[in-house]
Protein chains: 2
Amino acid sequence: MNVRPLTKTSNERSDATRRRLIDAGMELFGVNGFDATTTRALADAAGANLAAIPYHFGGKDGLYRAVAQAVIDGLNDQMGSFLDSVQREMDAGVGSPHQAMALIERLMADFAEVVLQRPEADNWVCFVMREQMQPTEAFSILYDSPIKRMRDLFSKLLSHVSGLEPDHVRIKLTGIELLGLVYVFRVARASTLREMGWQTINEAAYAEVRTVILESTRLILRGLQAKN
Amino acid sequence: MNVRPLTKTSNERSDATRRRLIDAGMELFGVNGFDATTTRALADAAGANLAAIPYHFGGKDGLYRAVAQAVIDGLNDQMGSFLDSVQREMDAGVGSPHQAMALIERLMADFAEVVLQRPEADNWVCFVMREQMQPTEAFSILYDSPIKRMRDLFSKLLSHVSGLEPDHVRIKLTGIELLGLVYVFRVARASTLREMGWQTINEAAYAEVRTVILESTRLILRGLQAKN
DNA sequence: GTCTATAGTCGGATAGAC
DNA sequence: GTCTATCCGACTATAGAC
């Protein structure tokens, strides 16, 4: 009775179907939103059967939650290493405001890369933004994300730069402001492309955007430091 | 044959119904998106009949387009006067970078007020953001908005500050960056509230946010000027 | 111009065969 | 575990009375 291989094969097929449905969900939910995305479209895009959605996820909502979790997992993959890296350097001790500023600039550059350049971003950014504007129960899953980790790092680093406490209102708001410097180019992408006369944010365009983001970051940081 | 009063009454009722449907559409489309908003919900919210939608607007899509136009009209009402005011001062001649910076700061403060404090903003901001992420044919209506006018004013003023041409890539991107300083608090509002431990952006909270926005604005402007 | 009733369409979930 | 066939509910738009 060789039941293992059968089970294993079964599980593998099952997992593959789950994964394909989640991939399809990330794209379709992100682009069109929950309601505009039909289970039929999801099943077609995943090459799966319609009934596989209620079967594997309990329904359309369940798939949606699974996608939210997958977004977090993906963000961890993409941001985990550089967040860890900065964390380690911080733990080793931040000697000077200058060093804190350098770490923030590194975080900003890496974050901009993930948000503006990685092709996967097209899917999850839309997904996250929808949740920001109209949070569903999946918002909690998304909130405890690497982005929160990043905000926390910002707070500590900005504290070193400014001399204020990490949980000072101004510090936290400035951290959000920094993220906004990156977000705006993704969220208002349609307007940005039109305004700049670009068809897409290609490499040259991204270089310009990145320069402006880092320049603005530096100016804000220097200003914070000067107030000491 | 006193036909005028009858016609007038008729038109008035008609216009009132149209207006109520547009108001309902601004709220419901903005919050829930096109697909999640049913004609029944629209009719109920407007206190109008279901059939009034196809009758007045040709269908759900027509109402959506009418809402987009109403968003622009509303923005013109709210931003027109301060945009005109700044425009007039610019036409009178911008003497110094310092004066240009003061005008930009005024624009930012007024814009922040409209985006973050006016209760009407809850409706149109979501509506506009949806169009940014997934533009429909209504995007063109929205693009030619007071916000474009504002970007253009920014370009000219930033040109005065920096000495660069108004259509220089860096200038235009910096203008977008400035808008992002305001947008982020509205778009990432859910995260902001959670991060700050606020229930709502009340007056005290807004004062803090406004301070940070204007502070960041000033720092970016000074940095631009310093490069001269 | 507005309302009621209804036609026609489509989406989500399930039952049951394989 | 997966697929087919089907049900039920909800939605948009229209026809026709008022």
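All of these numbers come straight from a predicted model, not from anything done at the bench. Labels below follow one simple rule: chain letters A, B, ... track the order of the sequence lines, proteins then strands, and each chain is numbered from 1.
Here B/Thr136 pairs with B/Tyr64, B/Glu131, B/Ala138 under the side chain to side chain contact (heavy atoms under 4.5 Å, CB included) rule; sequence neighbours left out. Scored by the ring pair (Phe, Tyr, Trp, His ring centres under 6.0 Å) test, A/Phe111 finds A/Tyr183 as partners (sequence neighbours excluded). In this structure A/Asp91 satisfies the side chain to side chain donor-acceptor pair (under 3.5 Å) test together with A/Gln87, sequence neighbours excluded.
Using a 4.5 Å cut-off on side-chain heavy atoms (C-beta onward), A/Phe34 and A/Leu28 make no contact.
Contacts between residues 16-30 of chain B and DNA chain C, defined by a heavy-atom separation under 4.0 Å, are made by B/Thr17. Contact check of residues 56-69 of chain A against DNA chain C (heavy atom, cut-off under 4.0 Å) returns A/Gly59, A/Lys60. Within residues 36-53 of chain A, the residues having any heavy atom closer than 4.0 Å to DNA chain D are, in order of number, A/Asn49, A/Ala51.
A distance of 5.5 Å separates CZ in A/Arg40 from CG in A/Leu50, rounded to the nearest 0.5 Å.
By the 6.0 Å and 45° rule, B/Arg65 does not stack over the aromatic ring of B/Phe57.
In this structure, a donor-acceptor pair under 3.5 Å is absent between the side chains of A/Thr211 and B/Arg170. Inspection of the B/Arg118 and B/Gln78 side chains reveals an N or O donor paired with an N or O acceptor under 3.5 Å. Side-chain atoms of B/Ser191 and A/Gln132 form a donor-acceptor pair, as typed in the model, at a separation below 3.5 Å.
In this structure, the OH atom of A/Tyr55 is 9 Å from the C1' atom of D/dT2, given to the nearest Å. Taking atom CG of residue A/Asp35 and atom C1' of nucleotide D/dC11, one finds them 12 Å apart after rounding to whole Å.
Scanning all heavy atoms of the two residues, the minimum distance from B/Ser155 to B/Ile171 falls at O-CG2, 3.6 Å.
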